[in-house]
Undergrad: 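Okay, here's the structure, questions in a sec.
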Amino acid sequence: MDNLQMIRNAQFPPALSPLAVQPQERFIAGGEGNPKLRVVVLDPAPERPNKPAILHLHGGGLVVGKPEVAVPELQQLSAELGALIVSVDYRLAPEHPFPAGLDDAYAALGWLHQAAVELGVDRKRIAVMGESAGAGLAAAVSLRVRDRGEWPIRFQLLRYPMLDDRTVLRFFHRLTSEPSSGTRSRMLLAGLPCSVASR
């Protein structure tokens, strides 16, 4: 857990210059058990109505990360598309097991729809996007939207999505039940115990 906290407390690249779309922190109601969900809003034209919007979900394997990881890229995207972007600081595992992060992401989508007039957003042009674990959450949000029919989305953008166990690290060799040499190195770098790492 010490390594996890160290990674979570890492500094991220600063936001772009004051001429860029500046991130604004807001707090909204999250999923069940989370009355105070932090979101980062990037609005390229606060006075303009009927803007498209993107709900963004950061990567990090569902255990690390926060919106600030992607803010410089989101600033550029917001300016280029003229789209309002809401990046969600969803709850992370292991402290908050599934479906906490998904519930937060879905709650943020609901807030985006409900606050559309205030935010100047066209409800018919809301998309979801994410990278890695965030892309997996974006896909899950899209499935929940399909199943519940509450908050429509225009499209989903999944960047290198973490959708199933094929993207995880394989710790043990299939024939010997011992970590492979490459896996041993990764285990040591990650600070994980590996009794055969010295072989």
Side-chain angles (χ1 to χ4, degrees), residues 12 14-60 62 65-92 96 99-159 161:
F12 297 102
L16 298 179
S17 75
L19 298 177
V21 178
Q22 290 303 301
Q24 302 293 319
E25 184 177 78
R26 293 186 71 163
F27 291 90
I28 64 172
E32 184 178 343
N34 188 10
K36 193 174 179 184
L37 173 62
R38 186 174 77 95
V39 295
V40 174
V41 179
L42 297 109
D43 190 344
E47 303 305 319
R48 195 176 81 234
N50 298 316
K51 295 181 288 278
I54 299 170
L55 181 74
H56 171 260
L57 302 163
H58 65 79
L62 303 173
K66 51 181 123 179
E68 286 74 14
V69 171
V71 161
E73 180 182 1
L74 296 177
Q75 287 176 299
Q76 292 175 337
L77 187 64
S78 178
E80 287 174 15
L81 298 179
L84 178 130
I85 297 177
V86 175
S87 188
V88 184
D89 193 10
Y90 57 86
R91 288 172 289 176
L92 302 171
H96 304 283
L102 172 58
D103 290 344
D104 285 347
Y106 192 74
L109 179 63
W111 171 79
L112 186 51
H113 274 274
Q114 292 166 343
V117 173
E118 171 200 341
L119 298 169
V121 166
D122 179 353
R123 287 184 183 96
K124 296 177 193 153
R125 297 193 297 155
I126 295 176
V128 295
M129 75 172 280
E131 57 278 337
S132 191
L137 277 179
V141 166
S142 298
L143 290 172
R144 190 175 274 187
V145 161
R146 179 201 66 192
D147 293 344
R148 294 187 179 176
E150 292 175 296
W151 313 114
I153 57 171
R154 183 67 175 218
F155 73 92
Q156 61 177 335
L157 171 60
L158 309 180
R159 297 176 62 200

Undergrad: Do L112 and L84 have side chains that get closer than 4.5 Å, going by heavy atoms?
TA: yes
Undergrad: Do R123 and V117 touch side chain to side chain, with heavy atoms closer than 4.5 Å?
TA: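 In short, these two side chains touch, coming nearer than 4.5 Å.
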Undergrad: If you round to the nearest 0.5 Å, how far is CE of M129 from CG of L137?
TA: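 That separation rounds to 13.5 Å.
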Undergrad: Under the rule for side chain to side chain donor-acceptor pair (under 3.5 Å), what residues qualify as partners of E118, not counting sequence neighbours?
TA: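 E118 satisfies side chain to side chain donor-acceptor pair (under 3.5 Å) with R26 once adjacent residues are dropped.
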Undergrad: What are the two closest heavy atoms between G82 and P44, and how far apart are they?
TA: C-CG, 3.5 Å
Undergrad: What is the minimum heavy-atom distance between E131 and A70, and which atoms define it?
TA: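 Reported closest heavy-atom pair: OE2-CB, 4.2 Å.
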Undergrad: How far does CG of D104 sit from CG of L92, to the nearest 0.5 angstrom?
TA: 9.5 Å
Undergrad: Which atom pairs, donor and acceptor, lie under 3.5 Å between side-chain atoms of residues 151-158 and protein residues at least two apart or in another chain?
TA:
from: Q156; atom 1: OE1; to: S142; atom 2: OG; distance (Å): 3.1

Undergrad: Of all residues at least two apart in sequence or in a different chain, which pass the side chain to side chain donor-acceptor pair (under 3.5 Å) check with E25?
TA: R38
Undergrad: Go through the structure and list residues passing side chain to side chain donor-acceptor pair (under 3.5 Å) with Q114, not counting sequence neighbours.
TA: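 Checked Q114 against side chain to side chain donor-acceptor pair (under 3.5 Å); zero matches.
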Undergrad: State, to 0.1 Å, how close G130 and A138 come at their nearest heavy-atom pair, and which atoms those are.
TA: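 Closest approach of G130 to A138: N-CB, 4.2 Å.
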Undergrad: Only one of R144, R148, E150 clears side-chain hydrogen bond (donor to acceptor under 3.5 Å, both in side chains) with Y106; which?
TA: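 Only one of R144, R148, E150 forms a side-chain hydrogen bond (donor to acceptor under 3.5 Å, both in side chains) with Y106, namely E150.
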Undergrad: What closest approach, in Å, do L102 and A140 show between heavy atoms, and which atom pair accounts for it?
TA: CD1-CB, 3.7 Å
Undergrad: Could you measure the distance from the CD1 atom of I28 to the CG atom of N34? Nearest 0.5 Å is fine.
TA: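 So the CD1 of I28 and the CG of N34 are separated by 9.0 Å.
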Undergrad: Supply the atom-to-atom distance S132 OG to L57 CG, rounded to the nearest 0.5 angstrom.
TA: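 Between atom OG of S132 and atom CG of L57 there are 12.0 Å.
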Undergrad: Not counting sequence neighbours, which residues clear salt bridge (charged side-chain N to carboxylate O under 4.0 Å, His left out) with R48? List them please.
TA: none
Undergrad: Quick check for you: to the nearest 0.5 Å, what is the distance between R125 atom CZ and K51 atom NZ?
TA: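 If we round to the nearest 0.5 Å, R125:CZ and K51:NZ are 10.5 Å apart.
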Undergrad: Of the non-hydrogen atoms in Q75 and V21, which two are nearest, and what is the gap between them?
TA: NE2-O, 2.7 Å
Undergrad: What is the minimum heavy-atom distance between A108 and V88, and which atoms define it?
TA: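 Taking every non-hydrogen atom into account, CB-CG2, 3.6 Å.
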Undergrad: If I take atom NE2 from residue H58 and atom CD from residue E68, how far apart are they, to the nearest 0.5 angstrom?
TA: 9.0 Å
Undergrad: May I ask you to test the V40-K66 pair for a side-chain heavy-atom distance under 4.5 Å?
TA: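 No, every pair of side-chain atoms sits at 4.5 Å or beyond.
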Undergrad: Tell me, with the steps shown, if Q24 and D43 meet side-chain contact (heavy atoms from CB on, under 4.5 Å).
TA: CA-CA 8 Å; Q24 302 293 319; D43 190 344; over 6 Å; no
Undergrad: Any non-hydrogen side-chain atom of W111 less than 4.5 Å from a side-chain atom of L119?
TA: yes
Undergrad: Return the set of residues passing side-chain contact (heavy atoms from CB on, under 4.5 Å) with L81 (not counting sequence neighbours), or none when no residue passes.
TA: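 Checked L81 against side-chain contact (heavy atoms from CB on, under 4.5 Å); matches are I54, L77, A83.
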